[in-house]
Amino acid sequence: MEMAGGDFWVRDLGLADRGLRRIAWAERLMPVCLSIRRRFAEERPLEGVRVAACLHVTKETAVLVETLRAGGAEVTLCGSNPLSTQDDVAAALASKGVRVYAFRGMSPREYYECIGRALSIEPMITIDDGADLTSTVHKILHGVVDEGVSWASGVLEDPRKTCSGVYGGTEETTTGVIRLQSLESQGLLLYPIIAVNDSPTKRLFDNPIGTGQSVLDGIMRATGILLAGKRVVVAGYGQVGSGIATRARGMGCDVIVVEPSPVRALMAAMAGFRVTDMKEAAEIGDIFITATGDINVIREEHFLKMRNGVILANAGHYDVEISKRDLARLSIRVEKVSDLITKYVFSDGRELYLLAEGRLVNLVAAEGHPPEVMDLSFSLQALAVKYLVENRERLEKKVHILPGEIDDMVAREKLASMGVKLESLTEEQVRYLREWQLGTS
Ligand code: ADE
């Protein structure tokens, strides 16, 4: 482990060169971020702004960090999951002078100590993926003490002072936005948050398309199995689950959807998926993928009915969707098949295989969403930080969404980079769309 004067905490600085080459590869595929970076470098809209970011430390995240720095921001970075850090990328960023605190395989204590170290910059803005950083700031300022907060505070001289200058934050993911909306509804939100997740240019692409591909990528990298012909049970038919179900069908899987919302279940049924409850699905699936944001979605009653050899994977933010406690309790033996596969052996001889310790399979077993999709999400993140700086005096302490013009701008730039032409409306067509008196003629 490398720790240099408290300025970074990474696995191995010797990995920096490999990380730099992978970041350069991602940059090729993130043209919108790069054009924002060029503008930022000229205009310096983030001059002197201190930003603490808690994100999956990937090559795409490095592109965002460098974009913010080009705009004049000073950035600290910690990981948003104990297993998702790409150690070569963390080393590369550290080698370029970024205060990065992240390594793959952190203990819970180290995870929160890294959050504390990222906060030591005395941030003005927080960037989060899953709300662990933002909720730590809120717990410190509201005087709530739990294990995580005491570990984070333990590395800070004066935790309250450290956190008291934050005037805005952003949130990347559905789970985080839900946590922050709950803070807002209890009247406890202390600064405005931009829910980047809720921008159309994020949720329509990153959630279904990015996750759809990267989750299957994770399962394939972890197991090397053939997907064609497998019965795949997808729990949750939200933005993420629907993307996974669609991609799995494209790979020749027989997809079964489990979903509690009647409208979403109907959407899944009308998209041609078999829809049923987990009780029934447990008996037929070969591969189970959770994407619900909820707890204990697959639990003892389901494990007891599963076939020998099933594979269990989670795509949700936290490792709570597949009950690891029930799995362990039902097992007479637990063995590591590889870094990414844990075998649970039941007393009747059945074996169940859990991938990536039930954590986000796409980020732990693969590299997360592809750069082309993160180009959209992280362009929005960069613009959200600029928006917070420019509007800090007038934004209420609420969860906000970015103005639609920012979405349109990002989408336009992406289309241009793809060489895709947009239709232009004639003046007559624009006028027609504004007119309310016209109807049947
Ligand atoms: N979330 C999902 N994929 C990601 C990636 N490639 N980088 C950062 N965060 C992500």
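Below, all heavy atoms of this structure are taken into account, side chains as well, without hydrogens, waters or symmetry copies. Indexing begins at 1, ligand by ligand and atom by atom, following the structure's order.
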| query | Looking only at distance, does E60 have an N or O less than 3.5 Å from an N or O of ligand 1? | reply | yes
| Do ligand 1 and T58 have nitrogen or oxygen atoms that lie under 3.5 Å from each other? | yes
| request: Mark up the atoms of ligand 1 that fall under 4.0 Å of a heavy atom belonging to H56, in ascending order. | output: 1 (N), 8 (C), 9 (N), 10 (C)
| query | When you look for heavy atoms under 4.0 Å from ligand 1, do you find them on the side chain of L363, its backbone, both, or neither? | reply | side chain
| request: Taking the side chain as every heavy atom from C-beta outward, state whether T175 and Y318 have any pair of such atoms under 4.5 Å apart. | output: yes
| message | Against the six-membered ring of W25, is R28 placed for a cation-pi contact (under 6.0 Å from the centre, within 45° of the normal)? | response | yes
| query | Does NZ or CZ of R392 fall inside the cone over Y167's six-membered ring, less than 6.0 Å from its centre and within 45° of the axis? | reply | yes
| field | Ring-ring centroid check Y191 H138, cutoff 6.0 Å | value | yes
| Proximal atoms of ligand 1 relative to E367 (non-hydrogen, under 4.0 Å) | 6 (N)
| Nearest non-hydrogen protein atom, atom 3 (N) of ligand 1 | H369 N, 2.8 Å
| remark: The atoms of ligand 1 lying under 4.0 Å from a heavy atom of F378, numbered in the order shown, are 8 (C)
| field | Pair D319 + R359, salt bridge at N-O below 4.0 Å | value | yes
| task | Report yes if some heavy atom in the side chain of V149 is under 4.5 Å from a heavy atom in the side chain of V144; otherwise report no. | result | no
| Are any of the side-chain heavy atoms of K59 and E367 separated by less than 4.5 Å? | yes
| remark: If we number the atoms of ligand 1 from 1 as shown, the ones under 4.0 Å from a heavy atom of M374 are 3 (N), 4 (C), 5 (C), 6 (N), 7 (N), 8 (C), 9 (N), 10 (C)
| query | Numbering the atoms of ligand 1 from 1, which are under 4.0 Å from a heavy atom of G368? | reply | 3 (N), 6 (N)
| Short list, please: which atoms of ligand 1 are under 4.0 Å from a heavy atom of T61? | 7 (N), 8 (C)
